[in-house]
Every structure is written in C-alpha cells, then in structure tokens.
Amino acid sequence: MRTTYLLILLAVAILLMFGCKETTAYGEKKMSIQKQDFGKTSEAETVDLYTLTNANGLQAEIMTYGGIARSLQVPDRDGNFADIVLGHETLDEYIKGHPYFGATIGRYGNRIAKGKFTLNDVEYTLATNNGENHLHGGIKGFDKAVWNAEQMQTETSVGLKLTYRSCDGEEGYPGNLSCIVSYTLTNDNELKISYEAETDKATVINLTNHSYFNLAGHDSGDILGNELMLNADHFTPVDEGLIPTGEIKSVKGTPMDFTTATPIGSRIAQVKGGYDHNYVLNSSDGSLALAASVYEPKSGRVMEISTTQPGVQFYTGNFLDGSNKGKGTVYNKHSGFCLETQHFPDSPNKPQFPSVVLKPGEKYTHLTVHKFSVR
Ligand code: BGC
C-alpha cells in the first residue's frame with residue numbers, strides 16, 4: 001500500500017517538473033505555449049519568440065520585437081497545415097527592414113498627411129517616413145519596439161499579452177501612452193487580437209496589425225485567386241500620395257466592389273497600382289461585426305475577420321518587389337494581401353471621419369478576430 005502511494009507521489013512530482021513547465025495539456029490534444037530566445041537587437045535587447053498551439057494543432061508564432069506575428073499554421077480541407085502569413089526567417093532580417101510583415105502598428109496605422117495635425121489648438125509635427133507623410137507610426141514605430149510579454153492560458157485558449165509604454169514626444173506624438181496588445185489562439189480556431197491604451201495627455205491613436213496573408217500558403221505565389229468579400233458599401237478615395245481626399249464614395253459598379261465574394265485579381269488591373277484603400281465598414285457602432293471573409297479555392301481555407309473598428313485597409317502587396325527574402329522564398333508583387341482593421345487614414349486632419357482622439361481618463365479598445373475554417 002505504502003509503496004503504491006510513494007509511486008503515485010513520485011509520478012505526480014515528475015509530471016509537475018517536466019509536464020507543466022511550458023506545455024499544458026487540456027482534453028485529448030496538447031495546447032501549449034513555448035518560448036525561445038530569438039536573438040538581440042542592436043541595443044542588446046533580448047527578443048523572444050513564442051509559439052502558441054491550440055488543441056487542433058493551429059500554431060501562431062509571435063515575436064516580442066514589433067509584436068510581430070511571424071507565422072500562422074492553419075489546415076486545409078484535407079488537414080494539411082501551411083503557414084499562411086509572410087515573414088522572415090531571422091531577427092536580423094526583420095531588423096534590417098521589412099514592409100511591416102505581421103507587425104503591430106502604432107501609434108497610428110497608415111498615413112497622416114505631411115506628418116502634421118492640430119489638437120486642442122496645438123500643432124504637432126510627427127516624424128515623416130513616407131515622402132512628406134507620416135506612415136505607420138513613423139521612423140521607429142511600435143513595429144520596431146521590443147514589447148514585454150506575459151503568457152496567458154485558459155481551458156480553451158493560449159495567448160500572449162504584450163505591453164509597451166510609448167513616451168511623451170515619441171515620433172512627435174503627445175502623451176505617455178500605455179499599450180496592451182493581446183494575441184489569443186482559441187480552440188474554436190480563432191486568432192483574436194485585442195488592443196488597449198491609456199494616455200496622460202490628449203493624443204491620437206490608431207492601432208492595427210499588418211499581417212500579409214495568402215491562404216494558399218505564404219510561399220505559393222500570388223494572392224490573385226483568393227476570393228474576398230468585404231462588408232463595406234463605401235471606401236475613402238485617395239490622392240497621388242495615398243492620402244484620403246475626405247470623400248466617402250460608393251463602391252457600386254466599380255472594381256472596388258467586394259460586397260459579394262470576388263477573386264482579388266479579377267479587376268485589379270483596373271485599379272491603378274493595385275488595391276491600397278480604406279474601406280468604410282457597414283457596421284460602425286463599435287460592436288464586433290464581420291468585416292471580411294476570404295476563401296482560397298485550391299486549399300479550401302476560409303478566414304473570416306470580425307472587428308470593432310470602423311474601417312479596414314485592403315492592401316494587395318503592391319510594393320513587394322522581390323527584394324524581401326522570406327521564410328525560404330522570395331516575395332514578389334501581390335504575394336500577400338493585408339486587411340488592416342483600423343480607423344481611417346489621416347483622420348486627425350479629417351474632422352468628418354470618426355474621431356481618433358484619446359483623452360486622459362479614457363480607454364482605447366479594439367478587438368479583431370480572425371476565424372479559420374475550411375470549405
Ligand atoms: C499601406 C501601403 C503601404 C504598406 C506597407 C499599407 O498599410 O496602405 O500604402 O505601402 O502598408 O507599408
């Protein structure tokens with residue numbers, strides 16, 4: 001009897017030592033969070049790479065550098081997994097410069113004209129990094145910051161909570177801004193990205209994620225055959241510098257119309273330079289609503305995106321030119337598409353657009369859910 005008790009105690013101790021450190025099992029399959037050292041920045045900051053695995057084997061790799069989603073493994077209709085987001089192999093390649101592959105974008109997703117805006121009668125001048133304009137938070141945006149990470153686990157999900165404090169004056173923005181970006185991978189095959197921020201001085205904010213998707217696999221060529229539905233009857237036309245003119249225009253009868261599922265490539269030749277436009281989502285009351293749905297016929301993969309945001313930037317990788325060596329492949333024009341859920345570009349200078357102002361005492365929140373399935 002005593003020996004049996006001792007053996008059970010020993011088995012429990014071994015399980016606690018080896019079984020529960022980084023990997024926890026719920027149900028039949030193993031959900032896990034694994035952490036690995038991914039190198040150092042030029043300022044000698046340590047960068048970690050976390051691998052989140054759900055009970056169905058879906059996997060997301062998240063880096064503390066830039067809060068970047070480096071890979072996302074999702075099954076096709078036959079159960080074969082493929083990585084469906086563009087990215088790099090090493091930290092050095094990310095540091096050398098990349099077109100925001102998978103990155104967390106802040107303080108402001110997309111462009112602010114001439115890097116200027118006025119708030120409470122004060123004119124602020126931001127870093128300009130896209131000709132005369134400010135793009136994706138400036139020269140050192142949130143995509144280049146090293147975030148603190150905390151693992152999160154429930155019975156039905158694994159996740160990572162990233163935090164970053166952006167100081168008053170960073171890239172020209174007012175206010176100390178405390179940000180939380182949480183990635184959660186659920187057993188319902190959803191990747192949820194939630195954002196929270198608070199400031200100690202009135203500022204502007206527009207956080208998003210810049211993943212480039214190809215549902216056939218990141219290394220499978222162009223995305224022109226991916227079929228897209230956008231829950232948007234209107235878009236915001238832009239000028240030559242890709243700054244919205246301020247108009248809200250109907251998509252009806254134009255190549256911008258994705259209100260019914262359409263292959264991305266079917267009318268792209270009629271859109272100068274390719275798609276790089278903000279769509280005005282039909283649901284704009286701040287509740288979680290379907291923004292987009294993408295289906296890739298060869299693999300059968302489906303991605304549905306729901307968001308609390310009023311807009312989504314649809315970008316077809318028009319500036320990818322083969323100079324980015326990805327994970328064992330080369331990314332050319334249209335190798336990936338982005339659906340960046342966000343407020344409209346240049347809102348700080350467009351009083352007719354929904355406000356992006358965050359004041360002390362208020363909380364910025366944003367939730368976007370990517371749900372994966374097959375057809
Ligand atoms: C913008 C593009 C830009 C790309 C990469 C997108 O969000 O709309 O104009 O080239 O990001 O920076």
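By convention here, the first residue in the shown sequence is residue 1. For ligands, and for the atoms within them, numbers begin at 1 and follow the listed sequence. Heavy atoms only: backbone and side chains are in, while hydrogens, waters and symmetry mates are out.
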Seminar exercise, completed: Under a side-chain separation threshold of 4.5 Å, the hydrophobic residues clustered together with Val302 are Tyr295
Exercise. Looking only at side chains, do Asn133 and Asn130 share a donor and an acceptor under 3.5 Å apart?
Worked result: no
For this session: State, yes or no, whether a side-chain contact exists between Pro297 and Glu227 at a heavy-atom distance under 4.5 Å.
Result: yes
Hey, what polar pairs (N/O, under 3.5 Å) does ligand 1 make with protein?
{"from": "ligand 1", "atom 1": "7 (O)", "to": "His136", "atom 2": "NE2", "distance (Å)": "3.1"}
{"from": "ligand 1", "atom 1": "7 (O)", "to": "His210", "atom 2": "NE2", "distance (Å)": "3.2"}
{"from": "ligand 1", "atom 1": "7 (O)", "to": "Glu340", "atom 2": "OE1", "distance (Å)": "2.8"}
{"from": "ligand 1", "atom 1": "7 (O)", "to": "Glu340", "atom 2": "OE2", "distance (Å)": "2.9"}
{"from": "ligand 1", "atom 1": "8 (O)", "to": "Asn110", "atom 2": "ND2", "distance (Å)": "3.0"}
{"from": "ligand 1", "atom 1": "8 (O)", "to": "Asp276", "atom 2": "OD1", "distance (Å)": "2.5"}
{"from": "ligand 1", "atom 1": "8 (O)", "to": "Gln313", "atom 2": "NE2", "distance (Å)": "3.2"}
{"from": "ligand 1", "atom 1": "9 (O)", "to": "Arg111", "atom 2": "NH1", "distance (Å)": "3.0"}
{"from": "ligand 1", "atom 1": "9 (O)", "to": "Arg111", "atom 2": "NH2", "distance (Å)": "2.8"}
{"from": "ligand 1", "atom 1": "9 (O)", "to": "Asp276", "atom 2": "OD1", "distance (Å)": "3.4"}
{"from": "ligand 1", "atom 1": "9 (O)", "to": "Asp276", "atom 2": "OD2", "distance (Å)": "2.5"}
{"from": "ligand 1", "atom 1": "11 (O)", "to": "His136", "atom 2": "NE2", "distance (Å)": "2.9"}
{"from": "ligand 1", "atom 1": "11 (O)", "to": "His210", "atom 2": "NE2", "distance (Å)": "2.7"}

For this session: Measure the acute angle between the ring planes of Phe353 and Phe344, then classify it against the limits of 30° and 60° as parallel, tilted or perpendicular.
Result: perpendicular
Exercise. Is a side-chain donor-acceptor pair under 3.5 Å present for Tyr173 with Asp168?
Worked result: no
Problem set entry | Member of Tyr315, Phe337, Phe258 meeting the ring pair (Phe, Tyr, Trp, His ring centres under 6.0 Å) criterion with Tyr275 | Phe258
